Chemist: 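I am attaching a structure below and will ask some questions about it afterwards.
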Amino acid sequence: MASKDAEKVNGNGKSKSNGKEQHPAKKRVGHARPGAVRETKEAKDAKAQRELGIIGPHGDMRLASAVIEGYSLELRDGDGYVGDAASRTAFRHMLDAWRKLFTSMAGKDPMGDKPTRELSKHRLDALLEKDGVAAQAIAAASEDYAMQLAHVVRCFLKHKTWRGVQRIIIGGGFHQSEVGSGAIARAAKILQAEKVPVELRTLRHHADEGGLIGWVHLAPPALLQSYDAILAVDIGGTNVRCGIVQTHLHRAPDMSLAEVVRREKWAHADDGPTCDGLVEGIVTMLEDLVAHAEKKKIRLAPYIGVACPGLVEEDGSLAGGTQNLPGNWESTRFHLPRDVCERLPHIGDGRTQVCLHNDAVVQGLSEMPFMQDVRHWAVLTVGTGLGNASYTNRVPQLSR
């Protein structure tokens, strides 16, 4: 498990986070080599990646308009991690506890026969609207979650990469329900009452699209100028989303009008694929999207942005944080950008380029055009786990 801070490296080449040393990218050689030889090897690797269409640096921390201060922070809280208390999984545990209590008091389960984990957001919203015993259990769980989310925010604000954060975007799918949005609004009120100087906002894009749209702020600007759209992939522990992101760059140079014009979603957790099976499924979806773009005469750049959980190294390998993904994504034999390029070598008449970054980082970047009135901002993505990233704008348009 790992986290990443922007340019926080000590003299011996190990990055630091939360007071603990953490190793940078896993070495691809079995033993240490002289510096000159190592540099030659790295140069050869970079050339080979360019020939394959794999571009870098992957996981870039310094963008033209903002610095990514850090992401995938894993702050400790007693025996566990702070973020675990505000994940979607945590909310389900809270709801399950209240459900059992109300069942014991009422003599019957107010939510029916389905296990809590199988109750959809729509079902919970419907139960909340009925204002019965089930609604009381949901309201109690929402209050618990709001308090935990406020606690998590306070903990993150103490970290060096979050100091001075003025606004936090809450992403993931949790906020796209009455239950979730209500709990987040309640957490905002708790923080306000405690005079914590931070604003909570929810992601303006659909949760299935924010992690795709953010790629317009990571793709090479010169490439975007020459095409209408790019392909983007968002890999989560439960679902994979692929989409065509149209930039509308010439109508809005700040990318504020960027949109997903077509997307596909695969609940891969239901199928239990291997690493290779997941890549094959992603490439199949991408091929369908390429065909759609050709049919609609959308000029598609030969570029694919891939977002996934974990710590992304400059060479496109992953070093921690991938425990919710199928198989071993940190294996030296697995390299996602290369594997995608090998299966989909060309888009149109161009050689495919693939870039990899953390999913919370990308989802947060979808808000970039709307964060120009603050200097420091951050994102928390509520999903199977709790993703996080923080940013500093280089040239804010207004001071808050």
Side-chain angles (χ1 to χ4, degrees), residues 1-5 17-18 22 59 68 70-96 116-117 121 141 144-146 148-156 159 161-162 168-177 179-180 183-184 187 200 202-203 207-208 210-211 214 233-241 265 267-270 272 275 278 306-312 318-330 336 356-365 378-390:
M1 304 184 86
S3 63
K4 193 157 190 175
D5 299 345
S17 177
N18 305 334
Q22 298 179 354
I68 302 164
Y71 67 88
S72 288
L73 301 181
E74 294 176 331
L75 308 183
R76 301 287 303 192
D77 188 11
D79 296 330
Y81 292 97
V82 171
D84 291 344
S87 66
R88 186 177 63 232
T89 306
F91 173 76
R92 296 285 178 175
H93 287 323
M94 295 171 197
L95 179 57
D96 201 47
T116 303
R117 67 179 180 277
K121 291 180 290 189
D144 282 353
Y145 181 85
Q148 289 297 331
L149 179 57
H151 169 70
V152 168
V153 168
R154 288 193 297 269
C155 290
F156 271 91
H159 191 270
T161 62
W162 279 59
I168 301 172
I169 304 301
I170 307 297
F174 186 62
H175 74 280
Q176 292 179 178
S177 67
V179 173
I184 294 166
L200 297 190
T202 55
L203 192 75
D208 287 343
V233 181
D234 183 11
I235 305 172
T238 303
N239 301 296
V240 172
R241 305 159 185 88
K265 184 175 179 178
H268 68 82
D270 296 339
C275 279
L278 187 60
V306 181
C308 70
L311 180 61
V312 178
L318 293 162
T322 63
Q323 63 273 9
N324 291 324
L325 300 176
N328 182 10
W329 285 52
E330 297 165 40
L336 184 60
L356 190 66
H357 216 308
N358 175 267
D359 56 347
V361 167
V362 179
Q363 191 169 138
L365 287 174
V379 64
L380 292 172
T381 58
V382 182
T384 308
L386 187 77
N388 62 82
S390 58

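Bear in mind the structure is a predicted one, so any value in this text is a computation, not a measurement.
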Chemist: Using ring pair (Phe, Tyr, Trp, His ring centres under 6.0 Å) as the criterion, list what pairs up with F174, not counting sequence neighbours.
Modeler: F91, Y145
Chemist: Give, for atom CG of L386 and atom CD of E74, the distance between the pair rounded to the nearest 0.5 Å.
Modeler: 11.0 Å
Chemist: Step by step, work out the side chain to side chain contact (heavy atoms under 4.5 Å, CB included) result for L318 and V312.
Modeler: CA-CA 5 Å; L318 293 162; V312 178; 3.7 Å; yes
Chemist: Listed by chain and number, what are the side-chain contact (heavy atoms from CB on, under 4.5 Å) partners of S177, not counting sequence neighbours?
Modeler: K121, D125, V179
Chemist: Can you give me the closest heavy-atom contact between A360 and N388, atom names plus distance?
Modeler: CB-N, 3.6 Å
Chemist: On a heavy-atom basis, which atom in S72 and which in G310 lie closest, and how many Å separate them?
Modeler: OG-O, 3.8 Å
Chemist: As an exercise, state the distance from OG1 of T116 to NE2 of H93, rounded to the nearest 0.5 Å.
Modeler: 10.0 Å
Chemist: Looking at every heavy atom in both G211 and A307, which two are closest together, and how far apart are they?
Modeler: O-CB, 4.3 Å
Chemist: Counting distance only, does the side-chain N/O of S390 pair as donor-acceptor with the main-chain N or O of T161 below 3.5 Å?
Modeler: yes
Chemist: Within this structure, what is the CG-CG distance for the pair L278 and L336, rounded to the nearest 0.5 Å?
Modeler: 8.0 Å
Chemist: Of the non-hydrogen atoms in I235 and W329, which two are nearest, and what is the gap between them?
Modeler: CD1-CH2, 3.9 Å
Chemist: Is a side-chain N or O of D234 found less than 3.5 angstrom from the main chain of R241, in a donor-acceptor match?
Modeler: no
Chemist: Between NE2 of H159 and CG of L75, what distance do you get to the nearest 0.5 Å?
Modeler: 6.0 Å
Chemist: Is there side-chain contact between W162 and L73, with heavy atoms separated by less than 4.5 Å?
Modeler: yes
Chemist: Treating T89 as the side-chain partner and T384 as the backbone partner, does any N or O pair qualify as donor plus acceptor under 3.5 Å?
Modeler: yes
Chemist: Which atoms form the tightest heavy-atom contact between S87 and G383, and what is the distance?
Modeler: CB-O, 3.7 Å
Chemist: How close do A146 and A187 get, heavy atom to heavy atom, and via which atoms?
Modeler: O-CB, 3.5 Å
Chemist: Dump the intermediate steps for side chain to side chain contact (heavy atoms under 4.5 Å, CB included) on L365 and H357, then the final yes or no.
Modeler: CA-CA 11 Å; L365 287 174; H357 216 308; over 6 Å; no
Chemist: Hey, mind stepping through I184 and V382 against side chain to side chain contact (heavy atoms under 4.5 Å, CB included) and telling me if it holds?
Modeler: CA-CA 11 Å; I184 294 166; V382 182; 5.7 Å; no
Chemist: Between H151 (side chain) and A86 (backbone), is there a donor-acceptor pair under 3.5 Å?
Modeler: no
Chemist: State whether the side chain of N358 and the backbone N or O of P309 hold a donor-acceptor pair below 3.5 Å, judged by distance alone.
Modeler: no
Chemist: When you compare the side chain of L380 with that of I169, does any pair of heavy atoms fall below 4.5 Å?
Modeler: no
Chemist: Under 3.5 Å, is there a donor-acceptor pair linking the side chains of D359 and T381?
Modeler: no
Chemist: Using side-chain heavy atoms (C-beta onward) and a distance below 4.5 Å, is R88 in contact with T238?
Modeler: yes
